[in-house]
Amino acid sequence: MSAFTDIRLEGVSYAFGTHTVLNRIDLSIKAGSIVALLGPSGCGKSTLLRLLAGLSEPKEGHVWFGERLVAKSGWMLPPEARDIGMVFQDYALWPHMSVAQNVAFPLKMRNVPGGERAQRVRQALERVGLAEFASRKPSGLSGGQQQRVALARAIVAEPGILLFDEPLSNLDSALRKSLCHEMAHLLRALGTTAVYVTHDRQEAQWLADRIVHLDGGEIASVRTVTSSSGEIA
Ligand code: ADP
């Protein structure tokens with residue numbers, strides 16, 4: 001898949017038992033754009049991201065990545081076949097592996113040969129400013145550094161789509177702001193389509209081109225962020 005992938009949700013619903021969590025969501029995300037899913041706790045943001053990741057199956061509707069159908073009721077493409085990278089709130093690094101081994105993992109899964117793998121790992125770590133930490137274990141890093149490792153791991157295979165689930169929630173506010181701006185810069189340089197779940201309006205404004213506001217499992221509004229200062233049209 002190319003590095004430029006658009007995303008389309010058509011009439012997507014999801015329910016836990018009889019509790020409808022997403023109600024007929026229609027949403028198009030342009031290739032290369034950064035979309036924040038914003039809304040209060042429990043509004044369905046993570047559920048929507050899990051549907052995009054291939055961790056949950058829609059009850060109704062269709063999910064498309066470019067021309068490729070990736071999910072419908074009763075069927076879904078598994079996460080490893082979707083050409084995605086993910087960053088989670090809790091970093092989800094493997095503690096027994098070094099930083100470089102963590103970042104190399106997606107390339108190993110794709111059978112990228114050793115020499116090329118080492119080079120791409122180095123490049124990804126340079127992009128997030130952690131080149132000199134390659135041989136450390138995650139436990140020897142700060143929270144912010146661990147999240148940079150998770151970011152390097154998400155981008156190393158140059159996936160078409162990056163998915164973020166509240167990645168900065170565990171960090172203090174100064175670090176949150178600087179890392180958020182850094183991520184915005186990196187995502188724009190990469191040109192990867194990104195979907196970013198947050199309950200924090202400021203983060204959404206710092207990072208996104210468009211902010212999709214979810215409320216009670218429905219899209220309440222879609223707004224375009226019109227300037228780098230984060231003003232919303
Ligand atoms: P958000 O990410 O916006 O906080 P979620 O997508 O996690 O919201 O949850 C949406 C709704 O689904 C909430 O009402 C939540 O309680 C419910 N929910 C989430 N996970 C489960 C689950 N495993 N079983 C039952 N209900 C769930």
Side-chain angles (χ1 to χ4, degrees), residues 7-29 33-65 70-79 82 84-93 143 146-147 150-151 154 159 161-173 176-177 179-180 183-184 187 192-225 230 232:
I7 299 174
R8 217 164 68 248
L9 293 109
E10 294 171 346
V12 168
S13 297
Y14 188 83
F16 287 102
T18 56
H19 177 202
T20 297
V21 172
L22 295 174
N23 188 20
R24 296 193 185 152
I25 299 284
D26 290 311
L27 180 65
S28 287
I29 298 173
S33 66
I34 306 170
V35 163
L37 297 180
L38 180 68
S41 180
C43 73
K45 306 181 295 294
S46 298
T47 303
L48 187 47
L49 202 74
R50 289 175 62 81
L51 290 173
L52 295 176
L55 299 169
S56 299
E57 195 176 285
K59 185 177 155 204
E60 285 175 3
H62 297 85
V63 182
W64 300 84
F65 288 176
V70 297
K72 62 179 180 175
S73 175
W75 177 84
M76 66 175 180
L77 202 63
R82 290 193 178 205
I84 54 172
M86 273 200 88
V87 181
F88 301 93
Q89 183 175 343
D90 63 358
Y91 323 134
L93 300 175
Q146 289 188 52
Q147 198 53 302
L151 184 60
I161 294 171
L162 285 167
L163 304 174
F164 296 85
D165 196 357
E166 305 256 11
L168 304 178
S169 297
N170 286 341
L171 306 176
D172 67 49
S173 65
R176 210 162 48 81
K177 183 170 182 178
L179 196 47
C180 194
M183 286 199 317
L187 289 175
T192 314
T193 313
V195 182
Y196 187 98
V197 162
T198 182
H199 63 271
D200 186 311
R201 191 172 187 78
Q202 247 190 343
E203 260 179 49
Q205 292 180 194
W206 287 331
L207 193 96
D209 304 314
R210 275 201 311 159
I211 299 177
V212 174
H213 199 274
L214 281 181
D215 195 5
E218 303 195 350
I219 293 179
S221 66
V222 179
R223 297 181 188 180
T224 302
V225 180
I232 293 181

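Bear in mind that the values here come from a model prediction, so they are computed numbers and not experimental data. One is the number of the first residue; the rest follow in order along the sequence. First listed ligand is number 1; within each ligand, the first listed atom is number 1.
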Hey, is CZ on R210 packed in by over 12 heavy atoms from elsewhere, all under 6.0 Å? yes
Donor + acceptor pair across side chains of Y196, E203 (<3.5 Å): yes
So if I only count non-hydrogen atoms and take anything under 4.0 Å from ligand 1, which residues does that give, chain by chain? F16, H19, V21, P40, S41, G42, C43, G44, K45, S46, T47
Applied to residues 213-222, the side chain to side chain donor-acceptor pair (under 3.5 Å) test, sequence neighbours excluded, yields N23-E218
For the pair K72 (side chain) and P58 (backbone), establish whether a donor and an acceptor sit closer than 3.5 Å, ignoring hydrogens and angles. no
Decide, yes or no, whether a salt bridge links R8 with E10 under the criterion of side-chain N to carboxylate O below 4.0 Å. yes
So, are K45 and D165 salt-bridged, with charged N and O less than 4.0 Å apart? no
